[in-house]
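We use all heavy atoms of the structure for the numbers below, so side chains are in, but hydrogens, waters and symmetry mates are not.
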Amino acid sequence: MKTVEFLLYTLKPGTGKDFHRIMTEQSAPLHRLAGMDIISFGMSAHDNDAYYLIRAYDSLSQLKSSQESFYNSEEWRLGPRQAIIDRVSVSVKSVLMLNNGAIDNLRSN
């Protein structure tokens with residue numbers, strides 16, 4: 001079982017495509033360099049200004065420590081942080097425990 005975090009964003013109107021570009025070109029590569037396992041991310045099928053990010057961790061404590069380190073890093077703070085924050089209107093986070101099969105299914109979609 002892994003700890004899987006689902007982040008759902010309501011973006012400011014008309015910012016979805018730019019948000020996705022920032023995620024693809026800057027934020028996701030930084031996450032991966034920091035060792036974070038991004039399962040999937042992208043625009044919602046129903047609305048270009050709704051977005052999701054799904055990440056997996058070995059445990060809840062790893063989620064907390066890894067995010068604390070990442071979000072306090074100079075690379076994040078001086079990198080895409082402000083561009084991301086400027087485009088988010090609402091952010092909702094849920095954390096579930098999922099097995100590897102369920103995670104692989106999320107990855108392939």
Side-chain angles (χ1 to χ4, degrees):
M1 297 294 281
K2 291 216 175 207
T3 301
V4 180
E5 174 192 52
F6 293 80
L7 292 167
L8 302 175
Y9 303 109
T10 300
L11 303 175
K12 293 177 182 170
T15 64
K17 288 182 182 177
D18 196 36
F19 188 90
H20 185 64
R21 180 188 55 75
I22 294 163
M23 283 295 297
T24 302
E25 295 175 4
Q26 298 176 47
S27 186
L30 273 181
H31 279 78
R32 290 183 175 119
L33 281 173
M36 288 182 161
D37 180 9
I38 294 178
I39 295 172
S40 184
F41 66 95
M43 288 184 269
S44 176
H46 83 289
D47 181 350
N48 285 344
D49 292 326
Y51 207 86
Y52 70 92
L53 170 62
I54 306 170
R55 301 182 285 198
Y57 301 88
D58 291 333
S59 65
L60 191 54
S61 62
Q62 188 210 12
L63 178 153
K64 290 176 183 177
S65 64
S66 136
Q67 287 186 6
E68 183 177 310
S69 175
F70 178 78
Y71 289 120
N72 286 316
S73 74
E74 192 170 297
E75 293 82 9
W76 171 253
R77 287 184 293 109
L78 300 178
R81 178 186 179 275
Q82 195 61 49
I84 294 283
I85 290 171
D86 287 347
R87 287 160 180 81
V88 174
S89 178
V90 176
S91 176
V92 177
K93 173 180 177 171
S94 291
V95 176
L96 303 172
M97 301 302 293
L98 297 176
N99 64 39
N100 288 333
I103 292 169
D104 289 342
N105 284 337
L106 286 170
R107 250 185 244 288
S108 66
N109 290 324

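Contact of the M97 side chain with the T3 side chain is registered, since non-hydrogen atoms from C-beta on lie closer than 4.5 Å. For the pair L53 and Y9, the minimum side-chain heavy-atom distance is below 4.5 Å.
Going from atom CG of D86 over to atom CZ of R81 covers 9.5 Å, rounded to the nearest 0.5 Å. Atom-to-atom distance recorded for I39:CD1 and I103:CD1 is 5.0 Å, nearest 0.5 angstrom. With values rounded to the nearest 0.5 angstrom, D18 atom CG is found 10.0 Å from L11 atom CG. Taking CG of N100 as the reference point, atom NZ of K2 lies at 6.0 Å (rounded to 0.5 Å). Distance CG/N48 to NE2/H20: 10.0 Å, rounded to 0.5 Å.
The hydrophobic cluster containing I38 also contains L60, counting ILVMFWY residues as joined when their side-chain heavy atoms lie under 4.5 angstrom apart, directly or transitively. There is a path of hydrophobic side-chain contacts, each under 4.5 Å, that joins Y71 to I84. Tracing side-chain contacts under 4.5 Å through hydrophobic residues (I, L, V, M, F, W, Y), one never reaches L96 starting from L63; they form parts of separate clusters. L8 and L98 end up in the same hydrophobic cluster when Ile, Leu, Val, Met, Phe, Trp and Tyr side chains are linked at under 4.5 Å.
Side-chain atoms of R87 never come within 3.5 Å of backbone atoms of K12 as a donor-acceptor pair (strictly under, hydrogens ignored). Judged purely by atom type and a 3.5 angstrom limit, D49 uses its side chain to pair as donor or acceptor with the backbone of T15. Between the side chain of S108 and the main chain of N105, a donor-acceptor pair closer than 3.5 Å is present. A side-chain donor-acceptor contact under 3.5 Å links H31 to the backbone of S27.
Considering all non-hydrogen atoms of both residues, L30 and P80 come closest at CD1-CD, 3.5 Å. Nearest heavy-atom pair, S66 versus M36, reported as atom, atom and distance to 0.1 Å: OG-CE, 3.3 Å.
The existence of a salt bridge linking D37 and R55 is excluded, since no basic side-chain nitrogen approaches an acidic carboxylate oxygen closer than 4.0 Å.
The aromatic rings of W76 and F70 sit tilted relative to each other, their planes meeting at an angle between 30° and 60°. The aromatic rings of Y51 and F19 sit perpendicular, their planes meeting at an angle over 60°, well past the 30° parallel limit.
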Stepwise side chain to side chain contact (heavy atoms under 4.5 Å, CB included) check, L7 with F41: CA-CA 9 Å; L7 292 167; F41 66 95; over 6 Å; no
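Atom CD of Q82 has more than 12 neighbouring heavy atoms from other residues, nucleotides or ligands inside a 6.0 Å radius.
A donor-acceptor contact under 3.5 angstrom links the side chains of S40 and Y52, judged on distance only.
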